[in-house]
There are 2 protein chains.
Amino acid sequence: MRVTLRDVAERAGVSIMTVSNVINGNRARVSPETIERVQRIAAELGYVPSASARSLSARSSRLIGLLVPAADEDSLMISPHNVAMVGQIERELRRLGYHLLLRGIANQREVTEALQSWSLDGAILLGFLDEQVDGLTAKTVGSVHVLAIDSYSTNPLTIGPRSDDFTGARLATRHLLDLGHRRIVFAGPAFTGVGVVHERFEGYRQAHADVGATWDGQFIETVNTTHADGRELGLGLLDRHPEATAVFATADVLAIGIMRGLAESGVRVPDDVSVVGFDDLDLCEYAVPRLTTVSQDITAKAATAVRMLIDSIENGARPSEPVTITVSLVKRESTAPAPHQ
Amino acid sequence: MRVTLRDVAERAGVSIMTVSNVINGNRARVSPETIERVQRIAAELGYVPSASARSLSARSSRLIGLLVPAADEDSLMISPHNVAMVGQIERELRRLGYHLLLRGIANQREVTEALQSWSLDGAILLGFLDEQVDGLTAKTVGSVHVLAIDSYSTNPLTIGPRSDDFTGARLATRHLLDLGHRRIVFAGPAFTGVGVVHERFEGYRQAHADVGATWDGQFIETVNTTHADGRELGLGLLDRHPEATAVFATADVLAIGIMRGLAESGVRVPDDVSVVGFDDLDLCEYAVPRLTTVSQDITAKAATAVRMLIDSIENGARPSEPVTITVSLVKRESTAPAPHQ
DNA sequence: CCATTAAGGTTTAGCGCTATACTTCGGATG
DNA sequence: CATCCGAAGTATAGCGCTAAACCTTAATGG
């Protein structure tokens, strides 16, 4: 059936442990000739170590869980922005010799099960709400190292990297202000006093303060971050806010929906109204006009997440505070100087 | 540390095997009261079975690998169309009590390693080229059940579901022909006598035959399926094919790129030229004009793939021929009757 | 010349689980 | 009354691997 250490050992006329040492590069205890012979025979026989046996014996699985929210019986809820992340995370883990278990999580209980069952060395939470991250306790995670991406939860167990939402929004809004816009609509989902959207709102507000402009609460539009809801908003935007000349949306798909709504109601982008998004999806290049947006360095975020996690696993280096990934503004065609009223 | 069967057994005053039987629902051999007691204590102690120990002992891991091509040191190559698939596959597997190991594959050798290392029960190949699928032999896959999605490889080891590319292309082309178009450009990557693109080309050709129209080899445009290449093509399209009134592109991003190129060179879509894509990404709804395209039922494809694989694992039901997933044409705004010349 | 050390191994004891065979005991059967 | 049987367990033997302790042999040093 399966080629085991024993098979290789017998064929090579040495003990199982010697083979194990060779396979694991524990060369100090084996002579060069033996190493060579064992390696040759292992290759000949097509020996592949059994990961389950290894993790059982060594109580380290080199397995990392990528936990993603999923309503029961429902598909994974990976936002377009997070999709690119899972590929990057897998690559980074593979580079470091770890494997990725992708797992949808329907409820708190499943977290424990997911973490313990495969004796994961670590896990990354992607796309969970801050409240859900808050809910994790030492008991639920056990000895597994856990880290949440893009979370503003203060749970010390889950500290991970997040994008600099505040600066991103500040940059975007400042860009609009610099172009002469003074009535800028903030479009995003409902938010509380903490979290991604709150940060972006604070950035929006700070940008106004930076240039001594006033901002008006009436320009805050609460809307789901979908294309359809964006279009809806765009359609009636100038009816509700006749003086508005720009929109900062907290997500690209939302921004693109808004652009469509505006276009359909005869408003030209960027001539009449400028629009800025957030995320820098591929989509932005495809949109007409191409969308100005805030770019997050996904590769850096993924790499940082993985490195923080592995560092914590291998060196016990538990991070004490979140790492902020810098963002940048990508100027494209959806923004232009404010029209003269 | 970890709560094991032994812990539960000791606390319940029974043998390890009895607990094991209870946990695995092997109730025939245990009295109702014992079942109740063991279950209560297991819950109290927060017992979670060790998957590695299980798979080592039972030589069945309930682990399925999702193998995706990835250049060495490079991120996973998941096409936008396949992205949705991984979520669906994970859901389906989770429903059936399996777990998903996501793994990038840089070369043939890694396939064996990926399959054997975790003693996978099965694996799904997503996005591999037909040649790569052809290359898998009984030796490389061992006793692991393998299945390739969207492959036209004739390798009997990997038979899986694929979309009905032929019919999709035929539908799309027929739609254009029915609108009166007679000079329809076929835009897609280079292809040989077998594979996805070839099937779509055959569908394109068949549609012409269906209505007694002739098709012309000069209308075949070989182009990478990227937005940028599409735009390039769109820019010069009417220079190269002044009589063309429609384009069938083998992918949505390509189609959307073409639409942009056409728009930039002053050609109106759909008034002057109609465009049809393939895949039905979310993107199509966002494009301006919204893209008419061929829709693949991703949920069905994922569910079919998982069911075929699990069926093969649990009942040894090796499929003898590929399953074809039906496709449909989604008419949106990028197609219109052919203009009068 | 004996103790020490280093190199190059081997042996032992599990990791947590499951499959299989075995035990025990209170009835039902011939 | 001896036998058989089913219900409800238990004991044993691994799955493939690793950590840690143990063993040889030959060279070194005081």
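Scope of the values below: all heavy atoms of this structure, side chains included, with no hydrogens, waters or symmetry mates. Throughout, a chain's letter reflects where its sequence line sits, starting with A, and its residues are numbered from 1.
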| Looking across every strand, which nucleic acid part, if any, lies under 4.0 Å from B/Asn24 by heavy atom: base, sugar-phosphate, or nothing? | sugar-phosphate

| Distance in angstrom units between B/Asp7 CG and C/dG16 C1', rounded | 10 Å

| message | For the residue pair A/Ser60 / A/Asp121, report whether a side-chain donor-acceptor contact shorter than 3.5 Å exists. | response | yes

| message | So B/Ser50, base contact, sugar-phosphate only, or nothing? Heavy-atom distance under 4.0 Å. | response | sugar-phosphate

| field | Atom pair distance, as rounded to whole Å: CD1 in A/Ile23 and P in D/dC17 | value | 9 Å

| Over how many whole Å does the gap from B/Asn26 atom CG to D/dA8 atom C1' extend? | 12 Å

| query | Counting side-chain heavy atoms from C-beta on, which of C/dG16, C/dT10, D/dT10 comes nearest to A/Val14? | reply | C/dT10

| message | Here's a test of your reading of the structure: between A/Pro49 and B/Ile35, which maps to the more 5' nucleotide of DNA chain D? | response | B/Ile35

| When the distance from CE of B/Met17 to P of D/dT12 is rounded to whole Å, what number comes out? | 14 Å

| message | Can you measure B/Arg54 atom CZ to D/dC15 atom P for me and round it to whole angstrom units? | response | 20 Å

| said: Counting only side-chain nitrogens and oxygens, does A/Ser57 get under 4.0 Å of the OP1 or OP2 atom of D/dA19? | reply: no

| Whole-Å gap separating C1' (C/dC15) and CG (B/Leu5) | 13 Å

| Contact class for A/Thr34 vs. all strands (heavy atom < 4.0 Å): base, sugar-phosphate, or nothing? | sugar-phosphate

| How far apart are the C-alpha atoms of A/Leu136 and A/Gln108, what are their side-chain angles, what is the distance that settles it, and do they pass the side-chain contact (heavy atoms from CB on, under 4.5 Å) test? | CA-CA 8 Å; A/Leu136 296 186; A/Gln108 187 88 3; 3.9 Å; yes

| Between A/Val48 and A/Arg2, which heavy-atom pair has the shortest distance, and what is it? | O-NH1, 3.0 Å

| request: Calculate the interatomic distance between A/Arg59 atom CZ and D/dC17 atom C1'; express it in whole Å. | output: 11 Å

| query | Quick one: which of C/dT10, D/dC17, D/dA19 gets closest to the side chain of A/Ala58? | reply | D/dA19

| query | Do A/Thr324 and A/Asp164 have side-chain atoms, one donor and one acceptor, less than 3.5 Å apart? | reply | no

| message | On DNA chain D, does the nearest nucleotide to B/Val30 precede the nearest nucleotide to B/Ala53 from the 5' side, or the other way round? Give the residue. | response | B/Val30

| Nucleotide D/dC15, atom P - distance to CG of B/Leu56 in whole Å | 9 Å

Which pairs would a plain distance check flag for residues 5-12 of chain A, meaning a side-chain donor or acceptor within less than 3.5 Å of a matching protein atom at least two apart in sequence or in another chain?
residue : atom : partner : partner atom : Å
A/Asp7  : OD2  : A/Thr4  : N            : 2.8
A/Asp7  : OD2  : A/Thr4  : OG1          : 3.4

| task | Would you please confirm or rule out a distance under 4.0 Å between OP1 or OP2 of C/dG8 and any side-chain N or O of A/Thr18? | result | no

| message | Does a side-chain N or O of B/Ser20 approach OP1 or OP2 of C/dT18 to a distance below 4.0 Å, or not? | response | yes

